[in-house]
Amino acid sequence: MIGQEQAAGSGVSRLKVADLAEIIDGGSKIVNVQGRSIALFRVKDQYFAIANNCLHRGGPLGEGEVRNFEVTCPWHGWKYSLVDGSFSLIPTLRVRTFKVTVTGGGVFIDL
């Protein structure tokens, strides 16, 4: 269920994109929000959100394998940090990341 609220005094939209139970540890969920495809990940009870499109050919990162806070694109093997979106071989190349907040049993991202 996706819901929206205004983050206190920031002008940022905070959107509920999942319930905590929806994503298992090591798992992911792809959500489409305001015309954007975003991949949510849960690793060791931490939640991360990144753009769902690999920089190489647009592969669906939310369908990739997650290991050690890194996701591997299922199409051609490019690896990205879930923490900052950086590409493993050229860290200055990055996919967009989104701030994640967990509260009240829900997972929220800021847009």
Side-chain angles (χ1 to χ4, degrees):
M1 168 188 254
I2 296 178
Q4 182 172 350
E5 62 184 47
Q6 197 75 13
S10 69
V12 172
S13 293
R14 180 163 291 157
L15 304 167
K16 182 176 182 184
V17 291
D19 292 321
L20 291 179
E22 286 183 67
I23 307 171
I24 63 169
D25 192 42
S28 64
K29 176 183 179 181
I30 298 170
V31 296
N32 292 300
V33 180
Q34 297 179 355
R36 300 174 189 165
S37 183
I38 298 172
L40 302 174
F41 299 91
R42 180 178 171 188
V43 179
K44 298 181 181 178
D45 288 325
Q46 295 180 57
Y47 292 82
F48 302 91
I50 65 173
N52 188 39
N53 303 95
C54 177
L55 297 174
H56 178 228
R57 297 274 178 142
L61 296 177
E63 296 175 17
E65 181 181 352
V66 176
R67 192 173 283 175
N68 298 324
F69 298 96
E70 191 173 69
V71 62
T72 301
C73 178
W75 288 3
H76 300 103
W78 284 36
K79 296 179 187 224
Y80 297 90
S81 166
L82 296 178
V83 176
D84 65 6
S86 62
F87 172 50
S88 63
L89 297 178
I90 307 170
T92 56
L93 292 178
R94 298 173 185 258
V95 293
R96 182 167 179 198
T97 60
F98 300 88
K99 180 180 176 190
V100 177
T101 305
V102 176
T103 184
V107 179
F108 296 79
I109 59 172
D110 290 355
L111 292 181

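- Using a distance-only test at 3.5 Å, with no hydrogens or angles considered, no donor-acceptor pair links the side chain of Ser86 to the main chain of Ser81.
- Ile109 approaches Ala49 most closely through the heavy-atom pair CG2-CB, 3.7 Å.
- The backbone N or O of Ile23 lies less than 3.5 Å from a partner atom in the side chain of Arg42, making a donor-acceptor pair.
- At least one side-chain heavy atom of Ile30 sits less than 4.5 Å from a side-chain heavy atom of Ser37.
- Ile50 and Val43 fall within the same hydrophobic cluster, where Ile, Leu, Val, Met, Phe, Trp and Tyr residues are linked whenever their side-chain heavy atoms come under 4.5 Å apart, directly or through other members.
- Inter-residue side-chain proximity for Phe108 and Thr103 is flagged as met; some heavy-atom pair is nearer than 4.5 Å.
- Smallest separation of non-hydrogen atoms from Ser88 and Glu70: CB-OE2, 3.8 Å.
- Criterion: ILVMFWY side-chain heavy atoms under 4.5 Å apart, direct or through other members. Under it, Leu89 and Leu55 are part of a common hydrophobic cluster.
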Query raised in the report: Does the side chain to side chain contact (heavy atoms under 4.5 Å, CB included) test come out yes or no for Asn53 and Val95, once each step is laid out?
Result: CA-CA 8 Å; Asn53 303 95; Val95 293; over 6 Å; no
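- The nearest pair of heavy atoms linking Ala18 to Leu40 is CB-CD1, 4.1 Å.
- Distance check, rounded to the nearest 0.5 Å: CD of Glu63 to CH2 of Trp75 gives 8.5 Å.
- For Arg67, the CZ atom sits in a loose shell: 12 or fewer heavy atoms of surrounding residues, nucleotides or ligands are nearer than 6.0 Å.
- The backbone N or O of Phe87 sits nowhere less than 3.5 Å from a side-chain atom of Arg94 that would complete a donor-acceptor pair.
- Tyr80 and Leu82 end up in the same hydrophobic cluster when Ile, Leu, Val, Met, Phe, Trp and Tyr side chains are linked at under 4.5 Å.
- For the atom pair CZ (Arg14) and CG (Asp110), the distance works out to 4.0 Å, reported to the nearest 0.5 Å.
- Ile24 and Val100 end up in different hydrophobic clusters when Ile, Leu, Val, Met, Phe, Trp and Tyr side chains are linked at under 4.5 Å.
- Of all the heavy atoms in Thr97 and Val83, the pair that sits closest is CG2-O, 4.3 Å.
- Of all non-hydrogen atoms in Cys73 and Gly59, the two that sit nearest each other are SG-CA, 3.8 Å.
- The minimum heavy-atom distance between Lys16 and Asp19, with the atom names listed, is NZ-OD1, 2.8 Å.
- Pairs of residues two or more places apart, or lying in two chains, that qualify as ring pair (Phe, Tyr, Trp, His ring centres under 6.0 Å) and include a residue from residues 25-65 are Phe48-Phe69, His56-His76, His56-Trp78.
- Atom CG of Leu111 is separated from atom CG of Leu15 by 4.5 Å, given to the nearest 0.5 angstrom.
- Side-chain atoms of Asn52 come within 3.5 Å of backbone atoms of Leu61 as a donor-acceptor pair (strictly under, hydrogens ignored).
- Remark: side-chain polar atoms of Lys29 are paired, donor with acceptor, to backbone N or O of Val17 under 3.5 angstrom.
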